[in-house]
2 protein chains.
Amino acid sequence: MSDAAPGTPATPPPSPWDRRRPARARLTPARTPLSRERVVEAAFTVLDRQGLDKLSMRQVAAELGVTVSALYAHVRSKDDLLELMYARLYEGAAIPEPDPERWREQLRDYARAGRKRLLSHRDMARISMGYAPFTAELLPHVEAFLGLLRTAGLPDRIAAEAGDLISTYIDGFVLGEGMWRERAARPDGEDAESPGPARPDWNGITAEMQDYFASLPADDFPHLRALAGLMVTDSADERFDIGLEIILRGLASYLPDTAADGPKTGGPGQD
Amino acid sequence: MSDAAPGTPATPPPSPWDRRRPARARLTPARTPLSRERVVEAAFTVLDRQGLDKLSMRQVAAELGVTVSALYAHVRSKDDLLELMYARLYEGAAIPEPDPERWREQLRDYARAGRKRLLSHRDMARISMGYAPFTAELLPHVEAFLGLLRTAGLPDRIAAEAGDLISTYIDGFVLGEGMWRERAARPDGEDAESPGPARPDWNGITAEMQDYFASLPADDFPHLRALAGLMVTDSADERFDIGLEIILRGLASYLPDTAADGPKTGGPGQD
DNA sequence: TGTTACGGTGAACAGCGTTCACCAGCTTCC
DNA sequence: GGAAGCTGGTGAACGCTGTTCACCGTAACA
């Protein structure tokens, strides 16, 4: 303790003429001794900056200024790390008490929150698709979600399947979103070092896709041409809600006609 | 076993006193000079035998008795190869003329066929999720699928989103199926060299999962316990149809009440 | 008979996940 | 005070991956 870490508020002047220290950059930095939490955090940093394909253990280690093997003291494998990241998404997320009168709104809110969670980190949907949510920390969420469906009055068989269906929908939708975003970010096949949130040159790809669809022979692809403007659109929020509404209406059809709100809102004639 | 070109009935006598030939074992076997089609075919063989994680270019090359670099003459990259495999699934698959009277059956048949296609090769759903079906060879299928939805009378906004929704559902469902199957095949984390089709010790995992769910504290997880027997089940066919029916009912709700078949079949009281 | 082009070889490169022998520094005990 | 042990890191290595490139044996063509 004589010369190394006196713990004083002023960081001890590292005596810059001392040749042996700066190369190794403080073996034990005395601050934040690399917990499992810090590894996960660094992994998120790398993920958001470089994407899942470039998320390697070596990159995470570099982000922490540490060797690769050091990570394995806190994480069993890369797969384990990804699962920890996946589980961490759901930390602090709460689900309201099921209210049978408002099951539709609650389900909608739940799905929207799920999508927003996946969007909060780059390529998160790809990670999410790889893991079943049946790990111990996530079971309460599954339980609450199924509770929403069951107290709404849905038959058990329907509720069980609806859970899978909605989860799959959320994952799949966000996965598709990410694919478009990625394809828009690097149209030629670049490295795409950009961070997660919205890109400036974002709607370049939608125009390009719509041009492509419009260029198809009109009598061979009438439907694709007609729907191109609706399939490839900038407003993913709206598209998400439409698909979700289809599912919710399907679920409502299994309930007795006590469905409080008008089941025909926004009926078929909106074209 | 497959290194000596067993194709022809009588291997042409290679004049055994010729010293220069047999060492290199027929550089050009004169049969099947390694076309792009053969590469894809070999990739399917490796995929079904070893799974996507073990599907490497070197394995494909070994399957063909050829060096890795030889593959790159017929395939741009591994990603290209996977996309070719994905596209090949849809070769020869036809979609019937849209019949507005039978749109539900047609959609159901389409979805079931799609699932069966993905099940025809191991880990195929994982590959499928990675690619948007907007490559040139697949556009006719997308077109026909959207035609089914549009001629049924669905509003364009709904039809456009339903295409994505159903495709996502198929992919996601089969992906989940594969995850369970894989987890059942190697409960300890083995290599799992088994081919795709049904495993003998298959329902070991479902019993195990149900035991696990049954072991949860009863007042913390009432819904999970109640639905465990329905969520983890052997009859995936039935589960697939239920989820699909939810979607179809949701779509039907956007049609005027001309819906021919009784929309309340198998109504809510089946619990 | 010489030339050209094809189609495959084999070595190499950079990167990956994971493991293992080692070791600096701190704690604890004799 | 000195020795032992533990903790948490290092750095090198293994075997694997996708991809590229210089090379060359064979075959067809002039």
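A, B, ... follow the sequence lines: proteins, then strands. Residue 1 opens every chain.
Both cation-pi conditions hold for A:R115 and A:F240: the charged atom is under 6.0 angstrom from the six-membered ring centre and inside a 45 degree cone around its axis.
Atom NZ in B:K54 sits roughly 9 Å away from atom P in D:dT17 (whole-Å rounding). Between B:L55 atom CG and D:dC16 atom P the separation is 16 Å, expressed in whole Å. Counting to the nearest Å, the P atom of D:dC16 and the CG atom of B:D53 are 15 Å from each other. As rounded to whole Å, 16 Å separates atom C1' of D:dT20 from atom CZ of B:R76. Atom CD of B:E83 is separated from atom C1' of D:dG18 by 17 Å (rounded to the nearest Å). When rounded to the nearest whole Å, the span between CG of B:L71 and P of C:dG10 equals 14 Å. For the pair B:R36 CZ and C:dG7 C1', the computed distance is 16 Å after rounding to whole Å. Distance CE (B:M57) to P (D:dT17): 12 Å, rounded to an integer number of Å.
A:T135 and A:E137 share a side-chain donor-acceptor pair at under 3.5 Å.
Along DNA chain D, the nucleotide nearest A:A70 and the nucleotide nearest B:S56 are compared for position; the residue whose nucleotide lies closer to the 5' end is A:A70. If A:Q59 and B:A73 are placed on DNA chain C by their nearest nucleotide, the residue sitting closer to the 5' end is B:A73.
Between B:R122 and B:E182, no side-chain nitrogen of the basic residue sits less than 4.0 Å from a carboxylate oxygen of the acidic one, so the salt-bridge criterion is not met. A salt bridge links B:R126 to B:D53: one of the charged nitrogens lies within less than 4.0 Å of a carboxylate oxygen.
Side-chain proximity of A:Y72 to C:dC16, C:dT19, D:dG18: nearest is C:dT19. Checked against D:dG9, D:dT19, C:dC16, the side chain of B:K78 finds its nearest nucleotide in D:dT19. Closest approach to the B:S69 side chain among D:dG11, C:dT18, D:dC21 is made by D:dC21 (side chain taken as heavy atoms from C-beta onward).
For C:dG7, neither phosphate oxygen OP1 nor OP2 lies less than 4.0 angstrom from any side-chain nitrogen or oxygen of B:H74.
Not a single donor-acceptor pair, N or O on each side, falls under 3.5 Å between the base of C:dG15 and the side chain of A:R58.
As judged by a 4.0 angstrom heavy-atom cut-off over every strand, B:V66 is placed among residues touching the sugar-phosphate backbone only.
With hydrogens and angles disregarded, a donor-acceptor distance shorter than 3.5 Å links the side chain of B:H141 to the backbone of B:A93.
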